[in-house]
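Following: one structure in structure tokens, then a few remarks.
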Amino acid sequence: MIQDISPYTFDNRFDPIQPADESPVIICYKQRILCKCNEECVSLPTAEETETIWGVRKEDLHFLFRIDETAFFLCDRDLPTCDDWHWEHPLAVRGKDPNWLSFAAAVGAHLAHWYETSRFCGRCGHANIHSESARAMVCPSCGNITFPRINPIVIVAVLDGDRMLVARYNRKHFDPRNSQYVLLAGYVEIGESYEDTVRREIREETGLEVRNIRYTGSQPWPFSQTTIAGYYAEADSRLPLKMQKEELSELLWVSREDLPPRKNLTSMTDNLIEWFRHGQESCFRYIDAPKADI
Ligand SMILES: [Zn+2]
């Protein structure tokens, strides 16, 4: 998945330092990243290049996080394109080489989005300032602290024996970068457990009741400012489907051998489909099993 960047390690301790000349800078404005990006690779400017090309001083950059010993910094300004440096959507860098740098760019873009939308206090409306002791924004007027916002989502692969329920989004929700089958997904609402969300989303989108829920893992998905929990669940494929037409244009049961292979394994959806294609779904434990069986 995108967070699997071994042998490198993502380190999000908030331990700010000043940028060095060679420190990578994520220039991000309105969910676009100023980078060099082609079919295979992505590169980011250094702090020295950011100063030389665009005149942004090192002291105006914000510390973000580290990967191993390399500290990354944010520049949140709308700067002109130059030579091979172009504005790209964060999804354009997904899966590019080196994988640790494309992951850093995506996480930086998520943080940039949060800083950009947290400039004012939600309680009193005063302008926030960057906290010096935590990854947070602080209101100097009323003391309100705003921490980074991450929205939880569940993604569910509904199974019945050797068949998996897959979908396509309708035009309104269609992402032209993703024409493949999708799995059913939804935001966790306030007051719900993740498993409640699994049951509710599948009921709302398909009309089916699920059982035998299995948790498979989680991943950051900075492109939509979310964190994703992946599940398998079972339902009766003989029952009629009541597709939610607001979001979906197609909903169908596909047999294991007819599922198209995924091109890469960066997302939870890719992995849920590939594990099932290879018969590995039984490796995950039921979370709603009777206590005596645990
Ligand atoms: Zn305030």
Side-chain angles (χ1 to χ4, degrees), residues 2-3 10-20 23-35 44-45 47 50-51 54-67 70-80 87-91 93 103-154 185-194 196-197 200-201 218-229:
I2 57 163
Q3 73 271 24
F10 175 63
D11 175 1
N12 66 355
R13 280 176 302 137
F14 192 76
D15 180 18
I17 54 169
Q18 290 300 308
S23 298
V25 179
I26 297 166
I27 303 174
C28 194
Y29 185 76
K30 291 188 175 174
Q31 280 299 278
R32 293 287 186 279
I33 303 171
L34 196 50
C35 61
L44 299 173
T50 306
E51 186 158 23
W54 292 286
V56 179
R57 299 175 307 165
K58 290 192 186 74
E59 51 265 41
D60 292 331
L61 303 175
H62 297 292
F63 169 80
L64 287 174
F65 48 75
R66 290 177 179 79
I67 289 186
T70 302
F72 285 73
F73 293 84
L74 171 66
C75 172
D76 55 1
R77 298 192 193 170
D78 185 12
L79 301 174
W87 290 101
E88 300 281 359
H89 190 279
L91 273 171
V93 308
F103 176 64
V107 174
H110 182 173
L111 280 163
H113 178 269
W114 169 71
Y115 279 121
E116 195 174 280
T117 54
S118 304
R119 291 186 298 136
F120 297 96
C121 174
R123 181 194 279 157
C124 77
H126 196 281
N128 280 330
I129 58 172
H130 286 252
S131 167
E132 292 181 2
S133 59
R135 190 173 286 106
M137 297 292 273
V138 180
C139 174
S141 176
C142 75
N144 184 43
I145 302 174
T146 307
F147 290 101
R149 177 172 170 172
I150 313 167
N151 299 310
I153 277 184
V154 298
Y187 286 99
V188 180
E189 300 282 354
I190 291 172
E192 280 184 328
S193 71
Y194 283 36
D196 288 338
T197 312
R200 176 181 55 76
E201 283 291 338
S218 66
Q219 74 165 157
W221 199 247
F223 313 105
S224 52
Q225 295 90 47
T226 53
T227 178
I228 294 172

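Start at 1 and go down the list; that is how both ligands and their atoms are numbered.
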Pairs where residues 105-125 contributes a residue and the test ring-ring contact (aromatic ring centres under 6.0 Å, His included) is met, not counting sequence neighbours: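 Pairs touching residues 105-125 that pass the test: Tyr115-His130.
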
Please round to the nearest 0.5 Å and tell me the distance separating atom [atom1] of [X] and atom [atom2] of [Y].
{"X": "Glu88", "Y": "Ile33", "atom1": "CD", "atom2": "CD1", "result": "8.5 Å"}
{"X": "Phe63", "Y": "Leu111", "atom1": "CZ", "atom2": "CG", "result": "10.5 Å"}
{"X": "Thr146", "Y": "Asn128", "atom1": "OG1", "atom2": "CG", "result": "5.0 Å"}

Which atoms of the protein, restricted to N, O or S, are nearer than 2.8 Å to the Zn ion (ligand 1)?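 Hits for the Zn ion (ligand 1) below 2.8 Å: Cys121 SG, Cys124 SG, Cys139 SG, Cys142 SG.
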
For the residue pair Ser141 and Cys121, establish whether any side-chain heavy-atom pair is separated by less than 4.5 Å.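 Sidechains of Cys121 and Ser141: no contact.
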
Check the pair Arg200 / Glu192 against salt bridge (Lys or Arg N to Asp or Glu O under 4.0 Å), numbers first and verdict last. CA-CA 10 Å; Arg200 176 181 55 76; Glu192 280 184 328; 2.4 Å; yes

